[in-house]
Amino acid sequence: MTTSTRVIDTDVAIVGGGIMGASAALALRRKGVSVVLLERDLCGSRSSGVNYGGVRRQGRPVSQLPLAQRAHQVWANLPALIGTDGEYQRSGHFKIGRSEADMASLEKYAEVSRDFDLGIQLISGATLRERCPWLGGRAMGGSLCPDDGQANPRLVSPAFALAARRAGAQILERTPMTSVEHDGKLFTVRSGTAVTVRAPVLINCAGAWAGALAAQFGEAVPIHSGHPAMAVTEPLPFFMHWSLGVEGGGIYCRQVARGNLVLGGGAGVALDADRARSERSAIATLAVQAVELLPQLKNAHFIRTWSGTEGYLPDRQPVLGKSHTTPGLIHGFGFAGAGFQIGPGVGEVLAELALDGRSTTPIAAFAIERFLPTTVAEVASTAAAH
Amino acid sequence: MIAPTLQPVIVGAGPAGIRAAQTLVAHGVRPVVMDESARGGGQIYRRPPAHFARSAQTLYGTEAHRATALHSTLDGLYAHIDYQPNSLVWNAQGGQLDVLHGPTQTTRTVPYGQLIVASGATDRVLPVPGWTLPGVYTLGGAQVALKFQGCTIGRNVVLMGTGPLLYLVAYQYAKAGAQAGVKVAAVLDTARFADQLAALPGMLTQPSVLAKGLYYVGWLRAHGVAVHTGVRPVRVEGETRVNAVVWSDGRSEHSVPCDAVGFGYALRSETQLADLLGCRFAWAPMHRAQLPERDSAGRTSVPGVYLAGDGAGIMGADAAEWAGERAALALLADHGVKVDAARAAELESKLTKLMPFRQGLERAFPFPTDWAVNAPDALVVCRCENITAGELRACARDAGADEMNRLKALTRVGMGRCQGRMCGVAAAEILAQATGKPVELVGRLRGQAPIKPIPIHLQAQAAGAASATAEHTA
Ligand SMILES: Cc1cc2nc3c(=O)[nH]c(=O)nc-3n(C[C@H](O)[C@H](O)[C@H](O)COP(=O)(O)OP(=O)(O)OC[C@H]3O[C@@H](n4cnc5c(N)ncnc54)[C@H](O)[C@@H]3O)c2cc1C
Ligand SMILES: Cc1cc2nc3c(=O)[nH]c(=O)nc-3n(C[C@H](O)[C@H](O)[C@H](O)COP(=O)(O)OP(=O)(O)OC[C@H]3O[C@@H](n4cnc5c(N)ncnc54)[C@H](O)[C@@H]3O)c2cc1C
C-alpha cells in the first residue's frame, strides 16, 4: 500500500494553531495571501484554549502597550471578524492593592501608561467599599481599567481558526510538523509522509514548543514552559462584573455570566511535555486566597481545576519578529502567560511582517537578537561596515 | 512471607475492595482502605445507617448471605487495616492521594506506593424528554433509596430502560410495595423479547443467575405488573412533578400514569481516578466504553496501580470479589511476596469463564444504539449546564467538533458538577450520530480533579482524623 503525499504550495506556512497562528492566518487571508496552517492537535487546544480568559492591558510592560492597543481594536470587532462574541465583555479589570506600597506602584503604572489612554481610575476608601461591597477586608484600594475585561478562551481561540478557514486559509488539524528545511528560498515543511507544504515564508507560532524550530535555524533561545494553575467554582448568584487581579500577582478571579467563578494563581505541574495540571498546593493556596479576596466564596465548591503549557523567556517578553538568521522565517512565541489579550494584535503584526517585512506597531523590544550571542563574524562585519 | 514495608492503598470498599483487603491482610500486609461512603459494602451490598434495623433478608433478598459474608469480612478486618470511611479521593498526583473527609470537611494527603482502585460503577443514563422533572431517578438511585434509607421514590412507579437492574429493582419495589402500598405501574424494557431468547445460550453458563433473572420476570408478571419489551421511551410528562410516562411500541404511543420514574441502561464504570493516575485507556467493545487497560490480573499501564471490579468494566459483584482478590495477589507477587499461584490461576479462569455470560447479558439487554437518532433536538443532555442534543449537533455541524473534549470546550457539556458522569455517555452517542463516526472514535472526556466538587473552604487535616500515614508528605 502506498500513501501519496499531499503537496501544497502556498505564500505563507504557519506552524501552530493557537490564537497567534490562527489570527495571523486570518489577517493574511484578509490581505488576500494564501496560507496553510499546521496544527498537530486541534486549533486552540493548548494555551490559547485553556487560559484564564483575562483580556487585560493594565499591568503590561509599556513596551507591550502599542500591541495591546492594537489588539484592543480587534477585540472590539470580534463578532464581525470571527462570527462569535466569544463571551467577550469589557467588564473592567480591577487590580487590587493590599498595602501602601501596592497603591504607590499602581499609581506609578497609571502614570507611565498615561500616553496610551487606558482610562485607569484609582479607587480607595469609601468609594472602594461602595463600588465593591463584596471585596474582602484586605484590599486597601486598587486600579480600575474599565475597558479591560474577559472572554471565553475555549470559544475565542478555535473561532479564530474557523474564521481563517472560512476566509480561505487551509487549516490542517491533527497535522504535526515533523521536519522543516530551507533551501535559501523556500521552506519545505513536512508532516510525516502525509503532507508537504512549500512556502517562501514560515511563521513559527508553536507556543511553548517553538524553541526547537528556532534552534534548528541557529536561534536557540532560553525558553522554558510554565503552567499557571486554574480552578473554577460551581455557578453562584452573579455578583461581580470586574475581573480581579492583585498587585504583585498571586491570584486573579472573574465571574462568568453563568455564575461560575474562574480563578487562577500559582503554578501547576507538568505531566509531560504537552500536558499539565493544577497542583495540590496551588489549589490549596488559591482556595485560601480566594476566600480572603471574596469572603462569600466561603461556602462554594471548586468543581474543576486545570492548567496548560505556556512558553516563557527570561525577561517574560515574547519573541516577535523576523528571524535573525533565515530570510522568510518569522517568530511569534513565548507570551509568558499573557498572550491571550494581545493575540489578535500579534496576528496582524505577523501578517504585516510576512507581507511587507515590517510592522506598523513597534516590536523592537521583542526581537530574537536579544538572546543570541553576538558572533565573531557579526562583530567583524559590523566593524567593517563602520 | 511478610512484607512490613508494604502499605498499599485500596480505594473503594465494595466487593472488590474488601476482598482485596482481605487478601493483603492474609499475607501479613496492612492496607489503607478508603471509601467515600460511611459504611463499607459498596453498591450492591450497601449498608443502611447503623441504627436502621432491617434484616439482611429484607435488604438483599437472595443475596443476603453474600452480603452478610462480605460485611462480616470487612468488620473482621478493622484491626488489621487502616480503614478510612467517609473519605472521598478527589485527586491523585505525584504518588499521593488527596482525600476529603466528608463529615469534618477536612482534606489530607495520603501517600501510596501501590494502589488498588476499586471504584465501582454508576448508572448509565440516556436522557428522555422530561427526565429532569422532580420524581425521575436513575434505577440505581431508586434502589439506593430503598436499600439505604428504606424509602421509595414514589407510590406508583415506572421503571424504564434496560439491563438486569431493571427487573431487579422492579422486583424489589413490587415486593416492598406489598407492605408499603407502593405499586410498580409498569416495567418498560427497551430490549426486545427476541434479544433475550437469542442470549439464552450464553446465559446458560451461569444457570443460577439466569434462573434468578427469570424468576424476577416471572414473579412480576404473576403479580400483575405490566412488563413491556421492545419499547422506546418517548417522554416523561408532568408540570411540577412527573405524572406519566409516554412510550412507543413502534406502532403507537401509550401513556402510563405514575408519580415517579426510575430509569437507566445498565451501568458505567467509574474511571476518573484511573484517569488522573495516568492509566492508559482503550475502547472496550463489549462495554461500549473507553476503559482503563489492565491485564488479566488487574495490572494497569502504570506500575503500582491495579484495578478491580466494576470500575474497570462492568462484570458484576461476584466477578468484583474475584478480581479484588486477584489484583491483591498480583500486587503482592509484584513486590516479592509469595502467593498461591494456583489460586491466582483459578481466579483468572473464573473471570474468563464469566465472559460468555457477560456477553449474553449484553445480548439480552442491548444498548439501544438507535437512542441518539431518536433523541429530539430539544432534549436536555447535560443537566448541570442545560445543554441540549440540538446544541451538541449544531456544534458538530457548524464548528466541526468531532471529539468529546472539543465538544465540551465549545458547548460546556460535561463541564458542570458531574464532570460528565451523568451526561458523558449520552453526549458521546449524540456526537457519534452527528458526525457519522462510530462512537469509539469520538474519544472520552479527560478526567480532571476534583473528582467530585470540593469545598473551597478546605480545612487542614483535623488532628488524629486519619491514619498514621496521612501526615507523611514528600
Ligand atoms: C493556564 C493559562 C492561563 C493564562 N491566562 C491568560 C490570561 O488570562 N490572559 C492572557 O492574556 N494570557 C493568558 N495566558 C497566556 C495565553 O494563553 C498564551 O500566551 C497564548 O494563548 C499563546 O498563544 P500561542 O498561539 O502562542 O500558543 P498555543 O495556544 O500554545 O498554541 C501553540 C500551538 O502550536 C501547536 N504546535 C506545537 N508544536 C507543533 C508542531 N510541531 N506542529 C504543529 N503544531 C504544533 C500546539 O499544538 C499549539 O496548539 C494563559 C496561559 C495559560 C497556560
Ligand atoms: C446504584 C447501584 C446499585 C446496584 N445494585 C445492584 C444489585 O442490586 N445487584 C447486583 O447484582 N448488582 C448491583 N449493582 C452492580 C454492583 O454494584 C456491582 O456489580 C458490584 O457492587 C461491584 O463491586 P465493586 O467493588 O467493583 O464496586 P462498588 O460496589 O460500586 O464499590 C465501589 C466503592 O468505591 C467507592 N468509591 C468510588 N470512587 C471513590 C473515590 N474517588 N473515593 C473514595 N471512594 C470511592 C464507592 O463509594 C463504593 O463504595 C449496582 C450498582 C449500582 C451503581
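Within every chain, numbering begins at 1; the chains are lettered A, B, ... in the order of the sequence lines, protein sequences first and strands thereafter.
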Original post:
When you check the side-chain N and O atoms of B:Q84 and B:R108, is any donor under 3.5 Å from an acceptor?
Top reply: yes
**OP:** Would you check if there is a donor-acceptor pair between the side chains of A:N51 and A:E310 at a distance under 3.5 Å?
**Re:** no
Subject >> Most chain A-contacting option - heavy-atom pairs closer than 4.5 Å, from B:K452, B:E385, B:E403 >> reply: B:E385
Original post:
Is B:Q105 reaching over with its side chain to a backbone N or O of B:G102, donor-acceptor style, under 3.5 angstrom?
Top reply: yes
Original post:
Considering only heavy atoms, which portion of A:R165 lies under 4.5 Å from any heavy atom of chain B: side chain, backbone, both, or neither?
Top reply: neither
Original post:
chain B heavy atoms under 4.5 Å from A:L162: which part of the residue, side chain, backbone, both or neither?
Top reply: side chain
**OP:** Kindly confirm or rule out a cation-pi arrangement of B:R446 over A:W306, judged by NZ or CZ under 6.0 Å from the six-membered ring centre and within 45° of its axis?
**Re:** no
**OP:** Could you tell me whether A:R98 and A:E292 have a side-chain N and a carboxylate O separated by less than 4.0 Å?
**Re:** yes
Subject >> Region of A:S278 in contact with chain B, defined by heavy-atom distances below 4.5 Å >> reply: backbone
Subject >> Flag, side chain of A:S307 to backbone of A:H227, donor-acceptor distance under 3.5 Å >> reply: yes
**OP:** Go through the atoms of A:V50 and report whether side chain, backbone, both or neither lie under 4.5 Å from a heavy atom of chain B.
**Re:** neither
Subject >> Side chain / backbone / both / neither for B:L276 at chain A, heavy atoms under 4.5 Å >> reply: both
Original post:
If you count heavy-atom pairs under 4.5 Å with chain B, which of A:L155, A:T233, A:N152, A:L286 comes out on top?
Top reply: A:L155
**OP:** May I ask you to name which of A:A284, A:C43, A:A159 has the most heavy-atom pairs under 4.5 Å with chain B?
**Re:** A:C43
Original post:
Are any non-hydrogen side-chain atoms of A:D85 and A:L78 less than 4.5 angstrom apart?
Top reply: no
Original post:
Given a strict heavy-atom distance threshold of 4.5 Å, which part of B:C418 is in contact with chain A: side chain, backbone, both, or neither?
Top reply: neither
**OP:** Give me the one residue out of B:V99, B:L88, B:L100 that meets side-chain contact (heavy atoms from CB on, under 4.5 Å) with B:E36.
**Re:** B:L88
Original post:
Under a 4.5 Å heavy-atom cut-off, does chain B meet the side chain of A:N260, its backbone, both or neither?
Top reply: side chain
Original post:
Which one, A:A161, A:P158, A:A290, A:P235, leads in non-hydrogen pairs under 4.5 Å with chain B?
Top reply: A:P158
Original post:
Hey, are B:Q433 and B:R393 close enough side-chain-wise for a donor-acceptor pair under 3.5 Å?
Top reply: yes
Original post:
What class does the angle between the rings of A:Y88 and A:W75 fall in, given that below 30° is parallel, 30 to 60° is tilted and above 60° is perpendicular?
Top reply: tilted
**OP:** With a 4.5 Å cut-off on heavy-atom pairs, point out which of B:D402, B:N91, B:D398, B:N405 contacts chain A the most.
**Re:** B:D402
Original post:
Side chain, backbone, both or neither: which part of A:I283 has a non-hydrogen atom closer than 4.5 Å to chain B?
Top reply: side chain
**OP:** With a 4.5 angstrom heavy-atom cut-off, could you sort out which part of A:R275 is near chain B: side chain, backbone, both or neither?
**Re:** neither
Original post:
chain A heavy atoms under 4.5 Å from B:A401: which part of the residue, side chain, backbone, both or neither?
Top reply: neither
Original post:
With a 4.5 angstrom heavy-atom cut-off, which part of B:Q419 approaches chain A: side chain, backbone, both or neither?
Top reply: side chain
